[in-house]
Amino acid sequence: MATDQELELIHDPAYVNAVRLAGKGKLPKEKAGNFGIGTEDTPIFPGMHEASALLVGGTLQAVDYVMTGKSQHALNLGGGLHHGFRGKASGFCIYNDSSVAIKYLQEKYHARVLYVDTDAHHGDGVQWSFYDDPEVCTLSIHETGRYLFPGTGNINERGQGKGYGYSFNIPVDAFTEDDSWLESYTTAFTEIVEFFKPDVILTQNGADSHYFDPLTHLSATMRIYREIPRLAHKLAHQYCEGRWVAVGGGGYDIWRVVPRAWSMLWMEMSSNPTPTGPLSPEWLDTWQPDSPVTLPQSWDDPEGIYEPIPRRPEITEKNTLTVEKLLYPIRSNQSSSVKPT
Amino acid sequence: MAKPSRYLPMTKDAVFVFSEELLTYKFSNDHPFNQKRLLLTLDLLKKRVLLLMRISSSQEWLPIRN
Amino acid sequence: MIVEKIMKKEIISLTETDTIQTALLLIQEKRIRHIPIVNHENHLVGLISDRDIRDASPSIFRTEDFKEDMQKPLHTIMKTNIITGHPLDFVEEIGAVFCENNISCLPIIHEKKLVGIITGTDLLQSYVELTGVNKPGSQIEVQVPDQPGVLHNISCIFKKRNTNIHSVLVYPAKETEYEKVLVLRIQTMNPFLVVDDLKKEGYKVIWPSLPGISL
């Protein structure tokens, strides 16, 4: 479990205290509101401090394993709670394990961190934590915030002060499909890692961009969950001697999407071939009785799980232009010598 | 509190951090954020591994300790 | 909202005897586009924009030829007769002043002294805040009858869910004059609960709606 001292690398002591009190049923309702807890999104529950600190501890443990060389990569699927703010819970997130882990990486290991967030929602908490810090580079690819929570993550949010130019956002259009999503992700990640040359890569692997996800409006399939970790794995070896920490995140179709997506992530990370073909019949037999929906029968989605998207060419074009605009500053600087050491 | 997370070295390349206590991060029964997905994932991996082991005995994989 | 609430109070200014060169460097360093010119009593005597400086600068093909021009004092190029505002002006009205006069910067004067400055960017920022997008939330759009009490009824539905509303915008529906569209930004990642409530009460929810419908 993360200590208070570790949590307070990012979070206000008053907030940590409030969460602890809330978890014991001792925080007055009117005070809870100021800290973003006791809402429909982030209700108070017994032991909420311990549960939240535990998952932060898991991410810090993953970091330690990678940074001390005990392991090349490490995964904490219980982490990835990227909406947590310094003094406020938001969007189902209480403590922000990724923000804490990045600060921890800086203080303990003096590492330059590239944070890559593929959750369908903008990674706002992490972005704002390091918005003015040129030693941390954040990349978030998400459904446009025009309607979707949290509303931020626009392309023009590039950082401020010394951190200007180290915050990258790709707001893809609603209904974006695999090809366009993957093209955006691959292009941006590949060029940004070359620009930033991190010591370690931290990926947030929310699994809510899938067509089935009930809270978002993208039209991706399992294909992206096969490719997302593959590229992260390759780039971690290419730029960071393998140092790669991965955490979970969103993912609200817990039956049809998340188990397959996160299994793919682990199989890739542990250098196993990512699985194809039918899902384990034992698994299906075990869980189908509990599931409100029919479980998928294979690792990949069959063709035609959704109706064709009417405006596909326009959506694809718009996403391509977004990525071009996003990368313009680092592409135009490639000839000059602004690259950080 | 006891040591919270157990790491599970499954191959020398990667560690999988997990503890059943991660499932205590639970707002309510009908809240969309539901860490039961961790169990579903682990179980899928375990059963997948069994499948793999049958195919190839050279897979380095330690069973998950509960 | 009044101007005082959104104006910048730390003003970067120069005097009319400073050189064009100084202004050029300042504009580049501070990434600003306007510099108010004041006298020793902090009274506004002029304004220069990046465009004024560019007009005075030699062509990029002649940078070596007219170097002495850049040493001329600012009063040779600054605009006088400046449109100004007051701290108690309304931001909404200031917006109209910007449009009518085609300007992008308004010095704010109080008791003859320069006390603030507002740029087009500041106005846009306050518009952004008006829409609530600077706080984490989801946006929903509901088409409602244009009659008294509707907003009250709708807000009760949000209250029941303990969902905070960041902002509400109202605009006329395109296809009928008897309805309006409410654009609400609400503090939740899961708008579907309240959307269901709204639908149950018979309201027409335009967004979020089923995928496949174009935005």
Side-chain angles (χ1 to χ4, degrees), chain A residues 29 32-33 36 38-43 82-85 88-93 119-122 124-125 128 143-154 156-157 160-161 164 173-177 208 211-219 250 252 306-312 314-315, chain C residues 10 28-32 120-121 124-125 127-143 155 157-169 181-198 205-215:
Chain A
K29 206 179 167 192
T39 59
E40 187 111 347
D41 272 13
T42 326
H82 61 171
H83 296 308
F85 281 66
K88 204 164 185 171
S90 176
F92 314 162
C93 305
D119 194 284
H121 300 89
H122 175 225
D124 55 349
W128 302 129
E143 177 184 333
T144 167
R146 202 152 29 125
Y147 294 90
L148 191 71
F149 187 92
T152 46
N154 203 318
N156 57 20
E157 292 163 26
Q160 72 183 16
Y164 186 86
D173 246 33
F175 314 123
T176 291
E177 296 170 88
D208 50 0
Y211 176 76
F212 287 151
D213 195 276
L215 293 193
T216 65
H217 322 94
L218 297 174
S219 300
Y252 308 101
Y306 55 83
E307 296 285 305
I309 302 300
R311 300 175 60 203
R312 177 192 286 176
E314 287 145 276
I315 291 172
Chain C
E10 300 88 44
Q28 286 168 346
E29 184 201 328
K30 304 285 182 186
R31 304 176 67 172
I32 52 177
T121 315
L124 265 180
Q125 179 61 29
Y127 167 77
V128 167
E129 279 173 29
L130 209 60
T131 64
V133 296
N134 59 332
K135 290 195 184 131
S138 303
Q139 180 163 320
I140 64 179
E141 297 185 0
V142 194
Q143 192 157 328
S155 64
I157 294 173
F158 288 90
K159 189 186 171 195
K160 261 186 221 149
R161 285 275 172 199
N162 195 21
T163 302
N164 196 20
I165 300 176
H166 286 318
S167 73
V168 185
L169 295 179
V181 174
L182 297 180
V183 181
L184 300 120
R185 285 200 67 86
I186 55 176
Q187 187 186 329
T188 178
M189 191 150 111
N190 181 13
F192 293 96
L193 298 169
V194 80
V195 162
D196 281 347
D197 295 347
L198 286 165
V205 179
I206 308 175
W207 182 268
S209 54
L210 287 177
I213 296 167
S214 68
L215 296 180

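Below, all heavy atoms of this structure are taken into account, side chains as well, without hydrogens, waters or symmetry copies. The chains referred to below are lettered A, B, ... by the order of the sequence lines, with proteins before strands, and numbering in each begins at 1.
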Which bit of [X] comes within less than 4.5 Å of chain C, counting heavy atoms only: side chain, backbone, both or neither?
| X | value |
| --- | --- |
| A/Tyr306 | neither |
| A/His122 | neither |
| A/Leu148 | backbone |

For this session: List in chain and number order the residues that pass side-chain hydrogen bond (donor to acceptor under 3.5 Å, both in side chains) with A/Glu40, two or more places apart in sequence or in another chain; answer none if no residue qualifies.
Result: C/Arg161
Exercise. Among all residues two or more places apart in sequence or in another chain, which pass the side-chain hydrogen bond (donor to acceptor under 3.5 Å, both in side chains) test with C/Gln139?
Worked result: C/Glu141, C/Arg185
Problem set entry | Contact winner vs chain A - C/Lys135, C/Arg31, C/Gln187, heavy-atom pairs under 4.5 Å | C/Arg31
Seminar exercise, completed: Ranking C/Asn190, C/Asn162, C/Thr188 by heavy-atom pairs under 4.5 Å to chain A gives rank one to C/Thr188
Problem set entry | Nearest-0.5 Å distance, OG of residue C/Ser138 to CG of residue A/Leu215 | 8.5 Å
Problem set entry | Passing option when C/Pro136 is tested against A/Thr152, A/Asp124, A/Asp41 for side-chain contact (heavy atoms from CB on, under 4.5 Å) | A/Asp124
Exercise. Non-hydrogen atoms of chain A under 4.5 Å away: do they reach the side chain of C/Leu193, the backbone, both or neither?
Worked result: side chain
Exercise. Which of parallel (below 30°), tilted (30 to 60°) and perpendicular (above 60°) describes A/Phe175 and C/Trp207?
Worked result: perpendicular
